[in-house]
Number of protein chains: 2
Amino acid sequence: MRRMTARPANAHQARLLRLLRDGGPNSRAQLGDQVDLSRSKLAVEVDRLLETGLVVADGLAASRGGRRSHNIRLAPELRFLGVDIGATSVDVAVTNAELEVLGHVNQPMDVREGPVAVFEQVLAMAAKLKASGLAEGFDGAGIGVPGPVRFPEGVPVAPPIMPGWDGFPVREALSQDLGCPVMVDNDVNLMAMGEQHAGVARSVHDFLCIKIGTGIGCGIVVGGEVYRGTTGSAGDIGHIQVEPDGRPCACGNRGCLEAHFSGAALARDAEEAAHSGRSPELAALVEAEGFEGRLSAADVAAAAAAGDAVALELIREGGNRTGQVIAGLVSFFNPGLVVIGGGVTGLGHTLLAAIRTQVYRQSLPLATGNLPIVLGELGPTAGVIGAARLISDHLFSPA
Amino acid sequence: MRRMTARPANAHQARLLRLLRDGGPNSRAQLGDQVDLSRSKLAVEVDRLLETGLVVADGLAASRGGRRSHNIRLAPELRFLGVDIGATSVDVAVTNAELEVLGHVNQPMDVREGPVAVFEQVLAMAAKLKASGLAEGFDGAGIGVPGPVRFPEGVPVAPPIMPGWDGFPVREALSQDLGCPVMVDNDVNLMAMGEQHAGVARSVHDFLCIKIGTGIGCGIVVGGEVYRGTTGSAGDIGHIQVEPDGRPCACGNRGCLEAHFSGAALARDAEEAAHSGRSPELAALVEAEGFEGRLSAADVAAAAAAGDAVALELIREGGNRTGQVIAGLVSFFNPGLVVIGGGVTGLGHTLLAAIRTQVYRQSLPLATGNLPIVLGELGPTAGVIGAARLISDHLFSPA
DNA sequence: GGGCCTTTGTCCTCTGCGTGGAGAAAGTTG
DNA sequence: CAACTTTCTCCACGCAGAGGACAAAGGCCC
């Protein structure tokens, strides 16, 4: 089928498309209430959007006391692809234009294999989604990568955990392969956008989104927009020092947050505890059948749930350290919300409680007074929804 | 005389006014080059501004190869008042519409005396400036206070070092007393705006401005706009913990940056060193004639310049601690510039060197690669220029 | 000094956006 | 079925802004 080629011709049309994306099908009259345009002008713009095929008529709306209005919705055959590349796995999802996830696949993978191998896999996953009848093609794709990105060009810059990606023209290459517009961003920023669009951060303008996975990063949203910093490395809080002369870190320093608490650090600690015999629960897991050599955050969570003291202590200590850093960020940034997400969120409320304690104790009341600190609500779909949102923001803006 | 009553009627006029403010007198042709409007449209808007009296003709411009153009400038009789209230002194200045400081007075004062007493003094200082012929009245005033402000209303909220100001309607009250529009902001934010307008931060979009005075604060500029946070307390970095179980702080916690290094902490340390006899230079200062009981940052600077080892060590240690915090902020915020200012800047390059060392060592190369860390260039005028800028931004925006 | 070019300023026309009103169409309520 | 609401369409008018034509003013070269 023909893919979306048209783009909104002016700011009004872009505004309308975003309203339809965020609010679902809407009557012309309801749209009129939201955009402050005269009825005639609105009718003209809607008609033009109908002509382009970006939106379609969708039956009659319920009456609001008089004549019933016609419903309008985004073209139901529009498809966005959301790709979230993590350190050890990829998520790929298809959404419609309203950013509802229609299909989602996840596969283990190692970013260190380099962009060519990874994108081969991503394309295969996208093809699988297509083959299952969810899409006949894609109108745009958003890609998240676990490292800093020069945003306008869509190119990773000096990513510590993915050497070989430095300077690889991700946007350019994928745009070629997929035959549609592509935008690239840091995975943490996309998680923030996802939670903003469909998760806990709806209607919050300034917030932080902390992702604790293999590494630790932080998405920063200022005035509803993601802030990326001067070189695209804003939010890189994994290498803030939490322990003078602490553990050596891959970055060359000592005592980085990431060296003391993150998916990777936690796994190391857990294995150490298992082998030293301090933790019977973890030792049992290591010796269990089908174990393939590595403990994970989920294992630690399981051990903690079973009452293992060492596992609980690992989580609590990590939460304290993370909370200490977050307390500093809260003082500095004064957000309206802090979202915690990423693979380690399996540790759940033990972790959250430790973080909260630390933040509420260390930051000033004015900043913490009405500050919710919550777990992300979307889990692994936050990234792909954020990716879809990224490209739709791009496409639903004046040409 | 009649004061400015008119305001720009639309975004174009506001744009033109700001261009004239930031670029000084300009020919109509030069303005045309900058605003992307047709000559006819530009002429219409300029004529309207001339009618309002906000701008005036100012002779002929130099030829650019053809007919000479007429110069336009902001009305030379416009006056803004900039007020910078510190913990222990006030700065009041008059500027013209181009934000050039025409007169500047500084007086010692104690904020803890409360808003009524302080504003009495401020009004007297403003009257003095008026009496010296610099102004016949004020078209607007910007006020900086040393604590968080609910910005839209111009009201201090829960300011730690100025109890008695909490909830005082500063904007409202001063607007009454001065008979002109008033805007209120945190003093650190104003310093940032000052350095952005006329100092080292010109043409930088994202930067941090760290003010080390009686306390420590940080102005945050995102995309050229000051970021104030959800409750107006963004940038409050004085209470970030730098030393677990460190010195007790007025905020109730221990180990806050401000407890270990700030104008107040430095003075205490210096006096301690003087009395214990570890520092001959400082002891000499204390015993010198005319000494009124308190050492200051300037005294420490003098001692350090004279080679006093203890003074140097105090500065170096403070710089290390500050640098440690800034390193974290740099990782998080990825600014394009860090400006250091405030009373303690007298400590100069010893301090700067210590900060730089710490930041460049602790933050990742991608964030520090091209990151200048410099002293503010405006000193005590940064605040008042920022204050004038604040109110002019307000007045030079569409009504 | 004179001719020619460039730049600037003014005037005029034309286009097209957007408003607001009138009136028809479609529903609801009593 | 009548009266009132809401929605939709059509139309006329106002107006902002673009762009061209032309005049004014100065520079440059001979």
Side-chain angles (χ1 to χ4, degrees), chain A residues 6-20 23-52 54-74 397-399, chain B residues 6-20 23-74 396-399:
Chain A
R7 289 279 291 278
N10 58 43
H12 298 313
Q13 294 187 13
R15 179 87 199 283
L16 291 171
L17 290 174
R18 288 176 189 217
L19 282 172
L20 291 171
N26 242 302
S27 72
R28 295 163 100 105
Q30 279 177 303
L31 289 175
D33 294 343
Q34 299 172 71
V35 293
D36 190 46
L37 283 177
S38 67
R39 281 194 305 276
S40 14
K41 175 62 177 166
L42 178 64
V44 169
E45 296 297 356
V46 169
D47 286 346
R48 285 183 191 156
L49 284 174
L50 285 168
E51 268 174 43
T52 65
L54 284 174
V55 307
V56 297
D58 187 42
L60 288 171
S63 167
R64 295 198 295 182
R67 172 176 176 175
R68 296 171 64 193
S69 184
H70 292 276
N71 262 343
I72 299 294
R73 62 174 302 179
L74 289 168
S397 61
Chain B
R7 290 278 291 278
N10 58 43
H12 297 312
Q13 293 186 13
R15 179 86 199 283
L16 291 171
L17 290 175
R18 289 176 189 216
L19 282 173
L20 291 171
N26 242 302
S27 71
R28 294 161 101 103
Q30 279 177 303
L31 288 175
D33 294 343
Q34 298 173 73
V35 293
D36 191 43
L37 284 176
S38 66
R39 279 200 304 272
S40 19
K41 174 63 177 162
L42 178 66
V44 169
E45 296 298 356
V46 169
D47 286 346
R48 285 184 191 155
L49 284 174
L50 285 168
E51 268 174 43
T52 66
L54 285 174
V55 308
V56 297
D58 187 40
L60 288 170
S63 167
R64 296 198 294 182
R67 174 177 173 175
R68 295 170 65 191
S69 186
H70 292 275
N71 263 343
I72 299 293
R73 61 175 303 178
L74 288 169
F396 292 170
S397 61

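Atoms considered below: every heavy atom in the structure, side chains included; atoms not considered: hydrogens, waters and symmetry mates. Proteins come first, then strands; the chains are lettered A, B, ... in the order of their sequence lines, and each starts at number 1.
Both B:R28 and A:H12 sit near DNA chain C, but only B:R28 has its closest nucleotide nearer the 5' end.
Rounded to an integer number of Å, the gap from NE2 of A:H70 to C1' of D:dT7 is 8 Å. Computed from coordinates, the B:L50 CG to C:dT10 P distance equals 10 Å when rounded to whole Å. The CZ atom of B:R68 sits 13 Å away from the P atom of D:dC28 (whole-angstrom rounding). When the C1' atom of D:dT9 is taken as reference, atom CD of A:E45 falls 16 Å away, rounded to whole Å. Atom CG in A:L31 sits about 10 Å away from atom P in D:dC8, given to the nearest Å. Rounded to whole Å, atom C1' of C:dT8 lies 13 Å from atom CG of B:N71. The CG-P distance, from A:L42 to D:dC8, rounds to 9 Å in whole Å. The distance from atom CG of A:L37 to atom C1' of D:dC8 is 16 Å, rounded to the nearest whole Å.
Nearest to the side-chain atoms of A:L60 among the listed nucleotides C:dG27, C:dT19, D:dT9 stands C:dG27.
For the pair B:L42 and B:L16, the minimum side-chain heavy-atom distance is below 4.5 Å. For the pair B:Q13/B:L54, no side-chain contact is recorded, criterion being any heavy-atom separation below 4.5 Å from C-beta on.
Residue-level contact check: A:A29 touches the backbone only, with heavy atoms under 4.0 Å from sugar-phosphate atoms and none from bases. Heavy atoms of A:R39 sit under 4.0 angstrom from at least one base atom. Residue B:S38 is in base contact, counting any heavy-atom pair closer than 4.0 Å across all strands shown.
OP1 or OP2 of C:dT8 has at least one side-chain nitrogen or oxygen of B:R64 nearer than 4.0 Å. At C:dT6, none of the side-chain N or O atoms of B:S63 fall inside 4.0 Å of OP1 or OP2 (strictly under the cut-off).
To the nearest 0.5 angstrom, A:N26 atom CG is 11.5 Å from A:R73 atom CZ.
Contact of B:R67 with D:dA24 (side chain to base): a donor-acceptor pair of N or O atoms is detected under 3.5 Å. If you check distances only, the side chain of B:S40 never reaches the base of C:dG9 with a donor-acceptor pair under 3.5 Å.
Summarising the geometry of A:L50 relative to A:A57, their closest heavy-atom pair is CD2-N, 3.8 Å, with the distance given to 0.1 Å. Residues A:R7 and A:S397 share a closest heavy-atom pair of NH2-O, 3.7 Å.
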